[in-house]
Amino acid sequence: MNPLLLPVIAAQGIWVRSRTERLPEASGPAEGSVGDGSGPPLRIAVLGESTAAGCGVGTHDEGFAAALARELAARAHRPVTWAAVGRNSATAHVIRHGLLPRLPEDLDAAVLLAGVNDVLTRRAPAAWGEDLAAIVSGLHDRAAHVAVAGIPPFEAFSSLPAALGRYLAQRADALDAVSRRICAGRPRTTWINSAGIVPVGPDFFARDRFHPSAAGYRRWAQATADHIAV
């Protein structure tokens with residue numbers, strides 16, 4: 001990024017923060033069961049930041065975890081139980097120390113949604129990597145398979161001016177490079193590149209034009225399910 005653009009990017013960041021509505025976390029039960037069919041239920045959980053907490057939709061039933069459960073249930077022809085453990089504005093440090101201990105155990109799969117707030121707070125890749133490695137280890141203690149979603153493509157966010165979007169995307173790329181390396185060195189761990197796998201259009205976003213809508217969560221969950229063996 002051209003250093004001469006940094007004052008412009010800083011001004012754009014202040015402008016975006018002042019105009020972006022802070023949406024609440026989803027209401028209602030943060031766990032549930034979907035599907036039918038033979039066999040014991042698959043057990044999944046989603047851990048992470050505001051997207052795990054369901055910001056952008058009214059209830060958790062419209063959020064990422066429930067959408068992923070419905071997709072896996074349809075593919076496996078088995079019931080799926082799901083749980084969502086998330087917090088708005090959570091960094092990997094908060095997820096590691098505050099949210100991970102709340103996650104259920106004996107899971108078939110656990111999905112981590114994190115990194116956006118680490119980008120926005122300009123956390124160093126080394127600090128991100130330290131927390132991520134600890135989170136992945138903790139998830140392995142609880143789940144047979146771990147999926148780590150890459151950071152969503154900031155340049156596709158309609159709420160962000162172009163220069164700011166490119167700057168945040170570059171910072172996200174640096175964290176994603178660390179994530180790929182950590183996941184590649186661990187068995188039963190999949191890093192999922194978020195860039196390009198989700199068709200991002202106007203209906204993908206909630207009214208803040210930053211978090212997914214119910215349709216956006218469904219599409220993201222469908223793309224994620226491609227990487228989870230059931």
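As the structure is a prediction and not an experimental result, all values here were calculated from the model.
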Test item: E155 side-chain N/O and A169 main-chain N/O as donor-acceptor pair under 3.5 Å: no

Step-by-step side-chain hydrogen bond (donor to acceptor under 3.5 Å, both in side chains) determination, W128 to T91: CA-CA 9 Å; W128 159 259; T91 62; over 6 Å; no

R43 side-chain N/O to D106 backbone N/O, donor-acceptor pair under 3.5 Å: yes

For residues 211-218, run the donor-acceptor check on the side chains, cut-off 3.5 Å, and write out each pair with its distance to 0.1 Å, sequence neighbours left out.
from: H211; atom 1: ND1; to: D208; atom 2: OD2; distance (Å): 2.7
from: H211; atom 1: NE2; to: S50; atom 2: OG; distance (Å): 2.8
from: S213; atom 1: OG; to: D203; atom 2: O; distance (Å): 2.6
from: S213; atom 1: OG; to: F204; atom 2: O; distance (Å): 3.2
from: S213; atom 1: OG; to: A215; atom 2: N; distance (Å): 3.4
from: S213; atom 1: OG; to: G216; atom 2: N; distance (Å): 3.2
from: Y217; atom 1: OH; to: C55; atom 2: O; distance (Å): 2.7

I182 side chain reached by W191 side chain, heavy atoms, under 4.5 Å: no

Residue pair L120 / F210: nearest heavy atoms and the distance that separates them: CD1-CZ, 4.2 Å

Pairwise side-chain contact, N88 with R22, heavy-atom cut-off 4.5 Å (strictly under): yes

Heavy-atom pair of closest approach, residues R123 and H93: NH1-N, 3.7 Å

Spacing of NE2 belonging to H77 relative to CG belonging to D36, to within rounding of 0.5 Å: 10.5 Å

Plane angle bin for W82 and H60 - parallel if under 30°, tilted between 30 and 60°, otherwise perpendicular: tilted

L139 vs V148 side-chain heavy atoms within contact, under 4.5 Å: no

R142 side chain near L100 side chain, heavy-atom distance below 4.5 Å: yes

Option passing side chain to side chain contact (heavy atoms under 4.5 Å, CB included) with P125 (candidates D118, L175, L132): L175

More than 12 heavy atoms of other groups within 6.0 Å of D141 CG: yes

Rounded distance [0.5 Å steps], CZ in R171 versus CG in D176: 13.0 Å

Shortest non-hydrogen separation from R209 to S159 and the atoms involved: O-OG, 2.9 Å

Side-chain donor or acceptor of E62 paired with backbone N/O of T59 under 3.5 Å: yes

R180 bridged to D173 by N-O distance under 4.0 Å: no

Note, P187 side chain near H140 side chain (heavy atom, < 4.5 Å): no

Atom pair CZ/CG of R207 and L23 - distance to nearest 0.5 Å: 5.0 Å

Heavy-atom pair with the smallest gap, counting every atom of I228 and A109: CG2-CB, 4.1 Å

Approximate separation, where rounding is to 0.5 Å, of D61 CG and E31 CD: 13.0 Å

Pairwise side-chain contact, D131 with I95, heavy-atom cut-off 4.5 Å (strictly under): no

CD (E25) with more than 12 external heavy atoms under 6.0 Å: yes

Closest approach of T81 to S33 (non-hydrogen atoms, all atoms of both residues): CG2-OG, 3.9 Å

D226/R75 under side chain to side chain contact (heavy atoms under 4.5 Å, CB included): CA gap, chis, key distance, verdict: CA-CA 10 Å; D226 292 339; R75 297 184 185 200; 2.8 Å; yes

Within-4.5 Å side-chain heavy-atom neighbours: V94 and N117: no

Pair I44-L107, side chain to side chain contact (heavy atoms under 4.5 Å, CB included): steps then yes or no: CA-CA 6 Å; I44 69 167; L107 298 166; 5.8 Å; no

R87 side, atom CZ; L47 side, atom CG - distance, nearest 0.5 Å: 10.5 Å

Aromatic ring proximity, centroids under 6.0 angstrom, F157 and F205: yes

Which atom of S194 lies closest to which atom of W220, heavy atoms considered: OG-NE1, 4.2 Å

L113 CG to F64 CZ distance, which is reported to the nearest 0.5 Å: 5.0 Å

Sidechain-backbone polar pair: T224 side chain, Q222 backbone, donor-acceptor under 3.5 Å: no

